[in-house]
Amino acid sequence: MKTTTILKSISLVAVLGAALAAPVLAQPGPGMWGGMGGMGMQNGGPGAGRMGPGMGNRVGATLMTAEERTAMMIKMRAVKTYDECKLVQDEQHKAMEARAKEKGITLPAPRQNRCDMMKARGLIS
């Protein structure tokens, strides 16, 4: 009788442990972004829906290497004015359009303007 109770307890602990561990194992790791945080965004799970912290659903982000994405985040954080931001953003978009053309794909239109967001938050003037 006591052995049965112990086995049931052990089984229950094992099942509960597995149930609690499954969501943790399903969480994305640093992935392509190396755990870099960026511009107020949280790690929403890089991949199909989002690219990761700091890059969100940026057009062309999937065509960039981790080093290029990091460099772009650094450039965007360094801008001080809206015009400077637009210059960096347009330069990057042209580069990603060229890269996409080489691969035979079409970039979708950007869903949001990062420079407008940064200006609205008071990060640039």
Side-chain angles (χ1 to χ4, degrees):
M1 183 74 149
K2 188 174 183 175
T3 305
T4 305
T5 305
I6 291 173
L7 286 176
K8 285 181 183 178
S9 297
I10 291 172
S11 298
L12 181 61
V13 168
V15 169
L16 287 174
L20 292 173
V24 172
L25 295 174
Q27 296 298 314
M32 298 184 279
W33 297 97
M36 294 283 297
M39 291 191 271
M41 297 178 118
Q42 298 299 316
N43 188 356
R50 299 185 62 161
M51 285 307 302
M55 292 306 285
N57 284 322
R58 295 246 178 71
V59 174
T62 56
L63 300 174
M64 299 165 66
T65 65
E67 292 80 15
E68 289 171 324
R69 286 188 295 271
T70 301
M72 182 60 181
M73 285 189 295
I74 292 168
K75 281 183 189 177
M76 289 297 284
R77 287 181 184 146
V79 298
K80 302 291 182 215
T81 66
Y82 184 83
D83 292 335
E84 186 181 357
C85 182
K86 286 299 291 178
L87 185 66
V88 170
Q89 192 177 48
D90 291 344
E91 177 184 292
Q92 181 65 23
H93 187 70
K94 286 177 186 172
M96 291 304 100
E97 280 180 330
R99 195 171 290 180
K101 188 175 182 180
E102 289 173 5
K103 294 185 178 228
I105 59 176
T106 304
L107 291 180
R111 295 188 313 165
Q112 59 191 2
N113 185 330
R114 178 70 48 199
C115 298
D116 289 343
M117 291 174 56
M118 290 173 69
K119 187 172 183 176
R121 292 179 180 159
L123 299 173
I124 57 177
S125 55

Between side-chain atoms of residues 99-106 and protein atoms elsewhere (two or more places apart, or another chain), which donor-acceptor pairs fall under 3.5 Å?
residue: R99; atom: NH1; partner: L63; partner atom: O; Å: 2.8
residue: R99; atom: NH1; partner: E68; partner atom: OE1; Å: 2.8
residue: R99; atom: NH1; partner: E68; partner atom: OE2; Å: 3.3
residue: R99; atom: NH2; partner: E68; partner atom: OE2; Å: 2.9

(Q) Distance check, rounded to the nearest 0.5 Å: K80 atom NZ versus C85 atom SG? (A)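 K80 atom NZ to C85 atom SG measures 12.0 Å (nearest 0.5 Å).
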Q) If you measure from CG on D90 to CG on D83, what distance do you get to the nearest 0.5 Å? A)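 Nearest 0.5 Å value for the CG-CG distance: 10.5 Å.
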Q: Would you indicate whether K86, at its atom NZ, is surrounded by more than 12 heavy atoms from other residues, nucleotides or ligands within a distance under 6.0 Å?
A: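 More than 12 within 6.0 Å, yes.
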**Q.** Worked check of side-chain contact (heavy atoms from CB on, under 4.5 Å) between Q92 and M64
**A.** CA-CA 10 Å; Q92 181 65 23; M64 299 165 66; 3.3 Å; yes
Q.
Is there a side-chain contact (heavy atoms from CB on, under 4.5 Å) between M96 and M72? Walk through the geometry before answering.
A. CA-CA 12 Å; M96 291 304 100; M72 182 60 181; over 6 Å; no
Q: Tell me, please, which residues at least two apart from D116 pass side chain to side chain contact (heavy atoms under 4.5 Å, CB included).
A: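 D116 satisfies side chain to side chain contact (heavy atoms under 4.5 Å, CB included) with Y82, N113 only.
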Q.
Quick check: closest heavy atoms across Q89 and C115, and the distance to 0.1 Å?
A.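 Where Q89 meets C115 most closely, the heavy atoms are OE1-SG, 3.5 Å.
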Q | Verdict with reasoning, M118 to V79, per side-chain contact (heavy atoms from CB on, under 4.5 Å) | A | CA-CA 10 Å; M118 290 173 69; V79 298; 3.9 Å; yes
Q) Would you say E97 and H93 make side-chain contact, with heavy atoms under 4.5 Å? A)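 Yes, at least one pair of side-chain atoms sits under 4.5 Å.
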Q) Going by heavy atoms in the side chains, are L123 and M117 under 4.5 Å from each other? A)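 SC-SC contact between L123 and M117 ruled out.
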Q) Of all residues at least two apart in sequence or in a different chain, which pass the salt bridge (charged side-chain N to carboxylate O under 4.0 Å, His left out) check with E84? A)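 Scan of E84 (salt bridge (charged side-chain N to carboxylate O under 4.0 Å, His left out), adjacent residues dropped) gives none.
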